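In what follows, a single structure is set out as structure tokens and then discussed.
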Amino acid sequence: MGRENQTWMSEFLFLGLSSCWETQVSLFVLFLAMYLVTVLGNFLIILLIRLDSRLNTPMYFFLSVLSFVDICYTNSTVPQMLIHFLSARKSIPFHSCVLQLFISLAMGSTEFFLLGAMAYDRYVAVCHPLHYTVIVHGGLCLGLAAGCLVAGFMNSLMQTIIIFQLPLCRKVVNHFACEMLAVLRLTCVDISFNRAMVAVSGFLVIMLPCFLVLFSYGRIVAAILRIRSAQGRRKAFGTCTSHLTVVSMCFGTAIFTYLRPAAGSSAEQEKMVALFYAVVTPMLNPLIYSLRNKEVISTFRRALGKFSQKG
């Protein structure tokens with residue numbers, strides 16, 4: 001029966017964020033602007049890091065990977081959402097829905113692991129500065145980035161296979177994208193096992209990196225407080241505040257969405273939190289890292305100076 005229902009379910013329909021045409025047009029303009037800022041901002045971060053040899057350090061390597069992941073994550077959902085704002089019928093083919101869920105979940109999972117790796121990088125930089133270049137070498141950075149991607153895609157593949165093997169009885173998705181919990185609501189069988197798998201996955205993908213971040217920053221704060229110079233303490237804290245801001249946004253929204261009791265969640269709340277995570281967080285990441293980072297700002301100014309001289 002499940003297999004027949006999946007074959008018949010050739011497409012899904014989204015309820016989206018609003019049914020009012022004027023509201024949808026306003027949302028289109030707003031989210032188009034945010035989408036452009038997200039893509040251009042993250043692309044600019046990657047470009048600046050590639051152009052300036054002084055930014056060829058582990059911290060900026062991980063930042064460029066994070067920007068790449070944010071671009072991929074945003075492009076997996078937002079362009080379709082923008083099209084649907086101006087469409088009377090918000091539909092998506094079955095296989096496109098599967099691909100969208102897989103890519104967005106893979107990129108989201110990768111980001112959590114990557115934030116954990118970045119916390120480890122900051123921990124070594126602050127707590128073991130004399131051995132930093134020996135411990136966090138190029139091979140380790142590449143290995144950690146590749147491991148984050150592999151772990152993210154493996155988690156996504158497992159969840160996607162489990163979800164789309166279920167019989168689906170409804171085709172209307174109360175969401176703006178094929179999100180994991182929204183698709184699970186379309187099933188006509190007991191999903192206790194799937195919710196348990198979401199909880200296990202959430203612990204491995206969200207809580208373990210979160211514990212690593214908390215442990216790393218606990219050691220970082222202890223090390224910073226031992227620095228006698230006030231200027232030295234400010235400089236050490238300055239290298240970590242941007243990462244902590246991004247970590248708080250990402251882990252906070254994910255824990256609220258995936259690790260709350262099922263009875264305490266609603267489709268509308270999950271939709272708003274997913275919107276924040278899919279649109280707002282990737283847009284803020286390059287702004288937070290660039291506006292709070294003097295090296296990135298100085299590199300940007302030098303690049304603008306060179307460009308204006310050529311013009």
Side-chain angles (χ1 to χ4, degrees), residues 1-25 27-28 31-32 35 72-109 153 155-199 201-202 253-254 256-258 260 262-279:
M1 178 180 178
R3 197 173 294 273
E4 291 174 0
N5 281 346
Q6 284 195 355
T7 303
W8 176 80
M9 202 74 66
S10 60
E11 66 175 7
F12 297 101
L13 300 175
F14 294 122
L15 291 182
L17 299 175
S18 174
S19 58
C20 174
W21 172 251
E22 289 77 11
T23 302
Q24 291 190 79
V25 172
L27 290 174
F28 171 82
F31 287 121
L32 176 61
Y35 171 71
C72 294
Y73 183 83
T74 299
N75 280 315
S76 69
T77 56
V78 177
Q80 175 200 261
M81 182 176 67
L82 292 173
I83 293 172
H84 283 172
F85 279 138
L86 305 180
S87 304
R89 193 170 188 272
K90 302 172 176 56
S91 63
I92 183 173
F94 176 84
H95 294 96
S96 297
C97 181
V98 175
L99 182 62
Q100 183 181 74
L101 189 147
F102 173 72
I103 295 297
S104 61
L105 188 56
M107 292 297 103
S109 302
F153 274 94
N155 173 68
S156 178
L157 180 63
M158 178 191 69
Q159 292 289 349
T160 303
I161 291 174
I162 291 175
I163 289 172
F164 284 100
Q165 281 186 341
L166 295 171
L168 304 176
C169 302
R170 292 174 291 275
K171 64 187 298 184
V172 179
V173 185
N174 188 9
H175 212 278
F176 58 85
C178 287
E179 192 268 340
M180 182 166 56
L181 297 179
V183 174
L184 279 175
R185 289 194 174 93
L186 304 180
T187 62
C188 49
V189 295
D190 179 51
I191 56 172
S192 301
F193 171 76
N194 298 86
R195 290 198 174 275
M197 291 299 297
V198 170
S201 174
T253 53
F256 180 85
T257 303
Y258 295 108
R260 284 195 308 164
S265 62
S266 70
E268 295 303 319
Q269 287 177 331
E270 290 169 5
K271 198 188 302 185
M272 292 301 105
V273 174
L275 188 66
F276 179 85
Y277 188 79
V279 181

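Numbering starts at 1 and runs along the sequence shown. All figures in this text were calculated on a predicted structure; none of them were measured in a lab.
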Quiz prompt | Euclidean distance, F176 CZ relative to M272 CE, rounded to 0.5 Å | solution = 7.5 Å

Exercise. Quick one: pull up CD1 in I162 and CE in M197 and give me the separation to the nearest 0.5 Å.
Key: 4.0 Å

Self-check item: Pairwise distance NZ(K271) to CG(L181) - rounded to 0.5 angstrom
Solution: 13.5 Å

Quiz item: Do F12 and L168 come close enough that some side-chain heavy atom pair is under 4.5 Å?
Solution: yes

Quiz item: Can you name the nearest heavy-atom pair linking S18 to Q24, along with the distance?
Solution: O-CD, 3.4 Å

Quiz item: Y277 vs Y73 aromatic rings, parallel, tilted or perpendicular, using cut-offs 30° and 60°?
Solution: perpendicular

Quiz item: With a 4.5 Å limit on heavy-atom distance, are the side chains of V198 and L184 in contact?
Solution: yes

Self-check item: Side-chain heavy-atom pair L157, F153 within 4.5 angstrom cut-off
Solution: no

Practice problem: Please assess L82 against F28 for the test side chain to side chain contact (heavy atoms under 4.5 Å, CB included), listing each intermediate value before the final yes or no. | Solution: CA-CA 6 Å; L82 292 173; F28 171 82; 4.0 Å; yes

Quiz item: Minimum heavy-atom separation for F31 to L275, with atom names?
Solution: CZ-CD2, 3.6 Å

Do any side-chain atoms of residues 91-108 form donor-acceptor pairs under 3.5 angstrom with protein atoms, and if so which ones, sequence neighbours left out?
| from | atom 1 | to | atom 2 | distance (Å) |
| --- | --- | --- | --- | --- |
| S91 | OG | R89 | NH1 | 3.4 |
| Q100 | OE1 | C178 | N | 2.7 |
| Q100 | NE2 | S76 | O | 3.1 |
| Q100 | NE2 | Q80 | OE1 | 3.4 |
| S104 | OG | Q100 | O | 2.8 |
| S104 | OG | L101 | O | 3.2 |

Practice problem: Rounded to the nearest 0.5 Å, what's the gap from OG1 on T74 to CE on M81? Could you check? | Solution: 9.5 Å

Quiz prompt | Distance in Å, H175 NE2 paired with L186 CG, rounded so as to fall on 0.5 Å steps | solution = 11.5 Å

Quiz item: Below 4.5 Å, heavy atoms only, C-beta onward: do T23 and L17 meet side chain to side chain?
Solution: no

Practice problem: Locate the shortest heavy-atom distance separating V189 from P167; write the atom from each residue and the value. | Solution: CG1-CG, 3.5 Å

